[in-house]
**Student:** 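Shown below is the structure under consideration.
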Amino acid sequence: YGAPGTSKERTFIAVKPDGVQRNLVGEIISRFERRGYKLVGLKLLVPPVELAKEHYADLSSKPFFAGLVDYMTNGRAPVVGMVWEGPSVIKQGRIMLGATDPKNSGTGTIRGDFCLSIGRNIVHGSDSAESAEKEISLWFGGKGEVVNWTSNNEEWV
Ligand code: RTP
């Protein structure tokens with residue numbers, strides 16, 4: 001399970017606090033469901049500061065890092081963390097999200113349809129097989145938090 005390049009490939013997708021605040025959780029889940037991807041992990045939480053810092057460790061030297069961690073963790077709204085499974089879900093998930101800066105996100109993508117500013121870009125998606133593996137274990141490390149199940153869709157999508 002989770003192996004890139006297989007039908008069991010997995011990625012970590014999160015609705016950030018602004019996406020939750022704007023009532024876009026259902027819309028975002030729906031887009032992945034309709035595409036044919038399978039939901040195998042789902043949780044609502046205000047992430048601990050340490051989790052957000054680890055998640056964004058690559059950006060720790062950036063000037064916006066402190067603000068980014070605060071936005072993710074201050075509890076004005078929670079984060080919805082998800083694990084989605086299916087063929088090419090890491091790459092396709094990023095395409096469905098759209099460019100990081102919504103000014104460059106195409107219409108039809110989640111960011112291109114629902115937001116305007118890079119600091120409020122409503123969703124996160126793993127950008128590589130390595131980050132998917134790291135982020136899934138960081139956000140869904142507990143036993144049984146990611147569920148293996150067979151979808152009847154798999155025969156038809
Ligand atoms: P994400 O991890 O959230 O999917 O975003 P990404 O890979 O597309 O982009 P990355 O460069 O890793 O940036 C992560 C998040 O940091 C925030 N950001 N703010 N100039 C800014 O204020 C700025 N630049 C980046 C965004 O929330 C971005 O998604």
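Just so you know, ligand 1 is whichever comes first in the structure, and atom 1 is the first atom listed for that ligand. Just so you know, these numbers use all the heavy atoms, side chains as well, and skip hydrogens, waters and symmetry mates.
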**Student:** Ignoring hydrogens and angles, state whether a donor on the side chain of Asn153 or Lys38 is under 3.5 Å from an acceptor on the partner side chain.
**Tutor:**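 Looking only at side-chain atoms, Lys38 and Asn153 do not form any donor-acceptor pair under 3.5 Å.
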**Student:** So which bit of Met72 gets within less than 4.0 Å of ligand 1, heavy atoms only: side chain, backbone, both or neither?
**Tutor:**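 Neither part.
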**Student:** Quick check: Arg94 and ligand 1, any N/O pair under 3.5 Å apart?
**Tutor:**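 Between Arg94 and ligand 1, an N or O pair is found under 3.5 Å apart.
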**Student:** Among all protein heavy atoms, pick out the one at the shortest distance from atom 18 (N) of ligand 1; state its residue, atom name and that distance to 0.1 Å.
**Tutor:**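 Heavy-atom neighbour on the protein nearest atom 18 (N) of ligand 1: Phe64 CE1, 3.5 Å.
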**Student:** Between Phe32 and Trp84, is the gap from one ring center to the other below 6.0 Å?
**Tutor:**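 Yes, ring centres under 6.0 Å apart.
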**Student:** Is the shortest N/O to N/O distance between Tyr56 and ligand 1 below 3.5 Å?
**Tutor:** yes
**Student:** Under 4.0 Å from ligand 1, counting heavy atoms only, is it the side chain of Asn121, its backbone, both or neither?
**Tutor:** side chain
**Student:** Starting from atom 27 (O) of ligand 1, find the nearest protein heavy-atom neighbour and note its residue, name and distance.
**Tutor:**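 Atom 27 (O) of ligand 1 sits closest to the protein heavy atom Lys16 NZ, 3.0 Å.
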**Student:** Closer than 4.0 angstrom: is that true for some heavy atom of Arg111 and an atom of ligand 1?
**Tutor:**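 Right, Arg111 reaches ligand 1.
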**Student:** In the protein, which heavy atom is nearest to atom 16 (O) of ligand 1, and how far is it?
**Tutor:**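 For this ligand atom, the closest protein heavy atom is Leu68 CD2, 3.4 Å.
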**Student:** Is there a continuous path of hydrophobic side-chain contacts, each under 4.5 Å between heavy atoms, that joins Tyr56 to Leu97?
**Tutor:**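 No, Tyr56 and Leu97 fall in different hydrophobic clusters.
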**Student:** Rounded to the nearest 0.5 Å, what separates atom CD1 in Ile122 from atom NZ in Lys16?
**Tutor:** 9.5 Å
**Student:** Is the backbone N or O of Ser151 less than 3.5 Å from a side-chain atom of Glu154, with the two atoms forming a donor-acceptor pair by type?
**Tutor:**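 Yes, the answer is positive, given that a donor and an acceptor are paired below the 3.5 Å cut-off.
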**Student:** In the protein, what heavy atom is nearest to atom 6 (P) of ligand 1, and what distance, to one decimal place, separates them?
**Tutor:** Thr100 OG1, 3.3 Å
**Student:** Return the residue, atom name and 0.1 Å-rounded distance of the protein heavy atom closest to atom 26 (C) of ligand 1.
**Tutor:**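 Answer for atom 26 (C) of ligand 1: Ile118 O, 3.3 Å.
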**Student:** Side-chain contact test, heavy atoms from C-beta onward, threshold under 4.5 Å: evaluate it for Lys134 versus Trp139 and give yes or no.
**Tutor:** no
**Student:** Which atoms of ligand 1 have any heavy atom of Gly125 under 4.0 Å away?
**Tutor:**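 Near Gly125, meaning under 4.0 Å from one of its heavy atoms, ligand 1 has 4 (O).
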**Student:** Quick one: do the Gln21 and Arg76 side chains pair a donor with an acceptor below 3.5 Å?
**Tutor:**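 Per modelled atom types, Gln21 and Arg76 side chains form no pair under 3.5 Å.
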**Student:** At under 4.0 Å between heavy atoms, is it the side chain or the backbone of Leu59 that contacts ligand 1, or both, or neither?
**Tutor:**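 Within the 4.0 Å criterion, Leu59 contacts ligand 1 through side-chain atoms alone.
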**Student:** Do Arg10 and Phe140 meet the cation-pi criteria used here (NZ or CZ under 6.0 Å from the six-membered ring centre, within 45° of the axis)?
**Tutor:** no
**Student:** Work out whether the distance between some heavy atom of Lys62 and some atom of ligand 1 is less than 4.0 Å.
**Tutor:**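 No, Lys62 has no heavy atom closer than 4.0 Å to ligand 1.
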**Student:** With the side chain counted from C-beta on, respond yes when Val69 and Val49 share a heavy-atom pair under 4.5 Å apart, and no when they do not.
**Tutor:**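 Counting from C-beta outward, Val69 and Val49 do come under 4.5 Å.
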**Student:** Check Asp127 against ligand 1 and report side chain, backbone, both or neither, counting heavy atoms closer than 4.0 Å.
**Tutor:** neither
**Student:** Any N/O of His124 closer than 3.5 Å to an N/O of ligand 1?
**Tutor:**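 It does: an N or O of His124 is found under 3.5 Å from an N or O of ligand 1.
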